[in-house]
There are 2 protein chains.
Amino acid sequence: MSKKIKVAQYGLGPIGIESLKLAASKSWIEIVGGIDIDPNKVGKDLGEITKIENLKGRLVYRSLDELIAGNKPDVVFHTTVSKFKAAYDQLEPLARHGISVVSTCEELLYPQLLNADLAARLDKIARDNHSRIIGTGVNPGFVMDVLPVCMTGVSRDVREIHVQRVVNASTRREPLQRKIGSGWTPEEFRQRFKEGKAGHAGLKESLALIAHCMNWKYTDLTEVGDAMVADADIKTQFLEVKKGQCCGLHQRAEAKVNGKVALTLDLKMYLDAKNPHDAIQIEGEPPLDVVVNGGVAGDHATVAALINTAGRIQKAPAGLLLMTDLPVPVWR
Amino acid sequence: MSKKIKVAQYGLGPIGIESLKLAASKSWIEIVGGIDIDPNKVGKDLGEITKIENLKGRLVYRSLDELIAGNKPDVVFHTTVSKFKAAYDQLEPLARHGISVVSTCEELLYPQLLNADLAARLDKIARDNHSRIIGTGVNPGFVMDVLPVCMTGVSRDVREIHVQRVVNASTRREPLQRKIGSGWTPEEFRQRFKEGKAGHAGLKESLALIAHCMNWKYTDLTEVGDAMVADADIKTQFLEVKKGQCCGLHQRAEAKVNGKVALTLDLKMYLDAKNPHDAIQIEGEPPLDVVVNGGVAGDHATVAALINTAGRIQKAPAGLLLMTDLPVPVWR
């Protein structure tokens, strides 16, 4: 039996708690503590927060330094922010301490897209200190990027890749139902999307990761977002939306390759969505047409992606890694 | 620009020729020659055999020694036999010379299943000599093993995995149409299947690879095969089958995990098959239901899998490798 991986949880929001709970059920993981800046959480016992017996005695610390003074983790699950720039000051000290990071930070899926210099800097620090840093999840991290890339492993030629995802937000957790703009006016959604205060993070990064793997130089990368508008009153477990109000989002990223739109990622997340699914069409030889009926359920699967990735990352070379640098994803 | 990979083709049957043709179109591959024992092929020019201009001057050699006396390849595409034991005497010298091998040998997908000792021996020789040996393809190698494993990367829990593949053999090359038993009586098919002279190779290996990745100890591994019987006369580009004759095969491998049938692989390959597709159901959390509409076309995709795998294998650690040890499959 190989040694357990020592894990700490960085960020104790809903996803962080879910991640802890799943990690606690794995025989190959030993949880050593948590980190959060919220004064209401600092000093709390993870056993009490999660109601999981075998986490009792593991505490929430205010900082990385306080955590590692007691017990240094091998891997940190990082679930705090969406933007790589905002995450950077949390990630760099982890890399310097030689601690590996598996993160839900959406931009970290392909941080080279928006912050190439910062990504190169973090990569060097991680290499120098034997740390591995990776961003993952279900989306970004799997259905709209890794899975389409994986399908091309049997391709003689690939000319275009198109991915659609339709998520029924009514079956998802409350924060997601609110985040997609439920109850706003369509105008409010559009305004907030324009200001970068609404919308799904990571769609452009998914596109950039696919392009990187295909070795495609793309141009004209665009991303647009609009409100999905309720055509009847909607009531979920958590909220109500009136007919004509925003009930979710429709977001689309696309780019041209050799002057032609060759990469499109189309995402709809809205309340009471009919026929939720993930779909991938690859134009090439052979043509490929893949459908995940019902789609990959997001919240539960996101923490699974984190934990399963932790199971593979320690054997990878040090550095700032991409999901497509690691071996084939696998449940662990 | 990185250095080209020097490649030789071992086996110049139809798949070997297809492999050479595709490899010749890749800017990162330099083809140095071929190997075949057929006296009618030895000494021939690959440019003439393939009708590809830039292969002119590359010859077919009788043996590995004669090939490497001229120009030693980094990687060999190996497309000769289905059984690992039969391939072993071709593979061991390649490993000893530090040459990596990407093979269509079906049992090589998971050679530990039938020949664990021989696999361990080849692994050691490959490690000692910096060679990487791997078996791949579309099936086995992707749709019924690597792809289901990849899907579990977003699983919290996996209890059962079921895979179905329906191939319309009417659209495939002549040797495949004959290999599946077209025109035999159903009795002939059953007899030959029982004798190991008919049937699809590699189905048990696909199952064993999935079980290995799930860390499942399985029991009661069974494999059954029967004829698909034509319910009307069938005429393809290559042959005719009368009503009541065999027009293909239905093969199924399954195994129990914890006393319950948890792994099933079901394959139908027959002429005029309706609705060809690949389907994966994963019972677990979340449940996953994946369909490749039309399926992954075999012949063309098989050589693509070979060549795409060659693009990733040289960075992997030395040894006898599994497809799930390599990074995510990708077109190259």
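Numbered from 1 within each chain, the chains take letters A, B, ... in sequence-line order. Not measured: the values here are computed from a predicted model.
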Visitor: Can you confirm whether A:Leu288 sits close enough to A:Ile280 that some side-chain heavy atom of one is under 4.5 Å from a side-chain heavy atom of the other?
Guide: no

Visitor: Under a 4.5 Å heavy-atom cutoff, which of A:Pro148, A:Ala301, A:Ala297, A:Cys150 has the most pairs with chain B?
Guide: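 Between A:Pro148, A:Ala301, A:Ala297, A:Cys150, the count favours A:Cys150.
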
Visitor: Just wondering, do B:Val158 and B:Trp216 contact through their side chains at under 4.5 Å, heavy atoms?
Guide: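 With C-beta onward as the side chain, the pair touches.
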
Visitor: One pair to check against side chain to side chain contact (heavy atoms under 4.5 Å, CB included): A:Asn139 and A:Asp278. What are the steps and the verdict?
Guide: CA-CA 11 Å; A:Asn139 182 31; A:Asp278 303 316; over 6 Å; no

Visitor: Heavy atoms only, distances under 4.5 angstrom: which of B:Leu306, B:Thr136, B:Thr324 has the most pairs with chain A? Name it, please.
Guide: B:Thr324

Visitor: Can you tell me which portion of A:Pro329 sits under 4.5 Å from chain B's heavy atoms? Options are side chain, backbone, both or neither.
Guide: both

Visitor: Heavy-atom pairs under 4.5 Å with chain B are the metric here; pick the option from A:Val138, A:Ile307, A:Val296 that has the most.
Guide: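 Highest number of heavy-atom pairs under 4.5 Å: A:Val296.
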
Visitor: I'd like to know which of B:Asn293, B:Val149, B:Val292 tops the heavy-atom pair count under 4.5 Å against chain A.
Guide: B:Asn293

Visitor: Checking A:Val143 against chain B: side chain, backbone, both or neither under 4.5 Å from a heavy atom?
Guide: neither

Visitor: Looking at every heavy atom in both B:Glu18 and B:His300, which two are closest together, and how far apart are they?
Guide: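 Minimum heavy-atom separation between B:Glu18 and B:His300: OE1-CD2, 3.8 Å.
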
Visitor: Hey, does B:Val163 have a side-chain heavy atom less than 4.5 Å from the side chain of B:Asp145?
Guide: no

Visitor: Measuring heavy-atom distances to chain B, does A:Met151 have an atom under 4.5 Å in its side chain, in its backbone, in both, or in neither?
Guide: both

Visitor: Select one option (side chain, backbone, both, neither) describing which atoms of A:Leu326 are under 4.5 Å from chain B's heavy atoms.
Guide: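 Only the backbone of A:Leu326 comes within 4.5 Å of chain B.
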
Visitor: Examine whether an atom of A:Asp157 lies under 4.5 Å from a heavy atom of chain B, and if so say whether it belongs to the side chain, the backbone or both; otherwise answer neither.
Guide: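 Both backbone and side chain.
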
Visitor: Return yes if a side-chain donor-acceptor contact under 3.5 Å exists between B:Gln237 and B:Glu174, otherwise no.
Guide: no

Visitor: Is chain B contacted by the side chain of A:Lys315, its backbone, both, or neither, given a heavy-atom distance below 4.5 Å?
Guide: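 Neither the backbone nor the side chain of A:Lys315 comes within 4.5 Å of chain B.
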
Visitor: Does atom CG of A:Asn275 have more than 12 heavy-atom neighbours, drawn from other residues, nucleotides or ligands, at distances under 6.0 Å?
Guide: yes

